[in-house]
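Just below is one structure, and these are the notes that go with it.
In what follows, every chain begins at residue 1, and chains take the letters A, B, ... in the order their sequences are listed.
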2 protein chains.
Amino acid sequence: MARNVRTYDHFCMLARALELVGDRWSLLVIRDLLSGAKRFTDLHDRLGGITPKTLTVRLRELEDAGVLTADRQPGRREVWYRLTPSGAELAPALDALSWWGQRHAARPPRPGERLHAEHLLRAITLAIEHTEQDPSPACWELHLDGGGIYRVACDGARWSLTSLDDPAAPPSDRSPDLILRADAAAFPPFMLDPSRAAELGVELDGDPEALDRFTRLVGAFGQSIQQQDDTTDPQIEPNGLT
Amino acid sequence: MARNVRTYDHFCMLARALELVGDRWSLLVIRDLLSGAKRFTDLHDRLGGITPKTLTVRLRELEDAGVLTADRQPGRREVWYRLTPSGAELAPALDALSWWGQRHAARPPRPGERLHAEHLLRAITLAIEHTEQDPSPACWELHLDGGGIYRVACDGARWSLTSLDDPAAPPSDRSPDLILRADAAAFPPFMLDPSRAAELGVELDGDPEALDRFTRLVGAFGQSIQQQDDTTDPQIEPNGLT
DNA sequence: CTGGATCCATGATGATACTG
DNA sequence: CAGTATCATCATGGATCCAG
């Protein structure tokens, strides 16, 4: 193999980590695999802007680094990329960086900025995780026409985001207490302003308590984003989501 | 200004964070400022391998990003670079990445690899933080001939690493219970194998309990590093440091 | 001396098109 | 679906030089 590994040559664990996952796009590839395995084109779609060549190179580097594996089943065209246990352990680091970004670089989407449902869901899940006091269990199932199926769940302590399109997605340990159906294109604007549900054709079903909690948590996130613009240093306060 | 900011154009808080601090060398600059303010040449020494041009560009970018500030006191030649509160809040993210590196990419120093006392101290502090059960307060002061002065301290819950060469270093809230004096060159080999203290001319003073704890914690770290080589995927177990 | 700036070489990334 | 191929551009490294 002998891939072109740019080193720092420091005896430093951070430098070592960055040699493995610090290249441009690498952490974003890992981000998109945290919710479950993806195919090459799934990743290419979500990573809008990356060229196929760079994506190929990154996938090979991360495979060499032991962070992900490529499942190439004989007789199937598709290649499913999946995090190894080592790669999955990067979750706390990505969450910490994302949470920093959310507090210091949040702003409403800009025109021309790609807005993928999965990234929006990750931001909301992270905000809830960091701000909701005394979380109770939850299981929301989101069916996005043309955008896949996701599960956002809380086990009573931690929240998680899972892509149910991954053929090996772990089964739920509880049935959904809320189901959302929406067009993939309508989903992001809805999440940023849940009051537009009817206008955007978003269907919500579930028991009243779950619906109320969903609307409250998502609404608080949307407001925290809409309040920010490019000139302020945003600060998300631990309130409003309790 | 209009610096050349390479964007991802994703509505994603991780991508936003990486646009600010994800360039090559950026997180290592922040790492070296976490222990206190540094001058240009201090950073250049610790970042061995970075060119002055790249360091200049990174410092300007991070200043624009609000992560650090440059103190240029009139009448003084030195420029002291210091993290802003926003920059200091990156500590959990850097710790998470470093800890991942320590568990998945640890190995003894390679020939030709730069081994700076500060980076070694950061690795040890992090390992102790993650593995010691029920930490009690501690305050170690390390005087390195030609390598500065550091304080490694525990307040009873969290460990910290502070460079006492920073003219604005926060005062200690307790007097040191252990003082180490060593030549800067002798310090890294000593930390990786504390039994070589006499041979390397390292002086240790303090009360017996503190000395015992220091030797135990540092010894466990050194062994966990020495056990690794480039072929194994290291795993640091939460034991031996209790 | 510190804190850079300048010039050039090279490697990494981007844009676009195409293929097994 | 999962990449390659080609070309252009940009970021980084290496070496040297300079002003306060």
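- Taking the six-membered ring for Trp and thresholds of 30 and 60 degrees, B:His130 and B:Trp99 have nearly parallel ring planes, at less than 30 degrees apart.
- Here D:dC1 presents its P atom at 13 Å from CG of A:Asp165, a figure rounded to the nearest Å.
- Applying the side-chain contact (heavy atoms from CB on, under 4.5 Å) rule to A:Asp9 yields the partners A:Thr7; only residues at least two apart in sequence or on another chain are considered.
- Straight-line distance from the CG atom of A:Leu59 to the C1' atom of D:dA2: 10 Å, rounded to whole Å.
- A:His116 pairs by the ring pair (Phe, Tyr, Trp, His ring centres under 6.0 Å) definition with A:His119, not counting sequence neighbours.
- The stretch residues 75-84 of chain A comes close to DNA chain D through A:Arg77, A:Glu78, A:Val79, A:Tyr81, each having a heavy atom under 4.0 Å from the strand.
- Contact annotation: B:Thr54 side-chain N/O to D:dT12 OP1/OP2 distance is not under 4.0 Å.
- Among residues two or more places apart in sequence or in another chain, the ring pair (Phe, Tyr, Trp, His ring centres under 6.0 Å) test is passed with B:Trp80 by none.
- Rounded to whole Å, atom P of C:dA15 lies 14 Å from atom CG of A:Leu55.
- In terms of modelled atom types and a separation under 3.5 Å, the side chain of B:Trp100 and the main chain of A:Ser86 share a donor-acceptor contact.
- If you take CH2 of A:Trp25 and C1' of D:dC10, they are 15 Å apart, rounded to a whole angstrom.
- Within the 4.5 Å cutoff, the side chain of A:Leu47 has heavy atoms near those of the A:Arg31 side chain.
- Ion pair B:Arg6/B:Glu61 not flagged as a salt bridge, since none of the NZ, NE, NH1 or NH2 atoms sits closer than 4.0 Å to an Asp/Glu carboxylate oxygen.
- For the pair A:His10 (side chain) and A:Arg16 (backbone), a donor-acceptor distance under 3.5 Å is absent.
- In this structure, CG of B:Asp23 is placed 9 Å from C1' of D:dA11, rounded to the nearest angstrom.
- Mapping B:Arg58 and B:Pro52 onto DNA chain D by nearest heavy atom places B:Arg58 closer to the 5' end of the strand.
- Neither OP1 nor OP2 of C:dA12 sits under 4.0 Å from any side-chain N or O of B:Arg24.
- In this structure, B:Phe40 atom CZ and C:dA5 atom C1' are separated by 10 Å, rounded to whole Å.
- When the side-chain nitrogen and oxygen atoms of B:Thr51 are compared with OP1 and OP2 of D:dT12, none of them lie within a distance under 4.0 Å.
- The stretch residues 7-22 of chain B does not touch DNA chain C, since none of its heavy atoms comes less than 4.0 Å from the strand.
- Rounded to whole Å, atom C1' of C:dC1 lies 15 Å from atom NE2 of B:His44.
- Residue B:Arg60 has no polar side-chain atom (N or O) positioned under 4.0 Å from OP1 or OP2 of C:dA5.
- Distances shorter than 4.0 Å separate some side-chain N or O of A:Arg6 from OP1 or OP2 on D:dG13.
- Residues meeting the side-chain contact (heavy atoms from CB on, under 4.5 Å) test with A:Ser35, sequence neighbours left out: A:Lys38, A:Glu118, A:Arg122, A:Leu161, A:Ser163.
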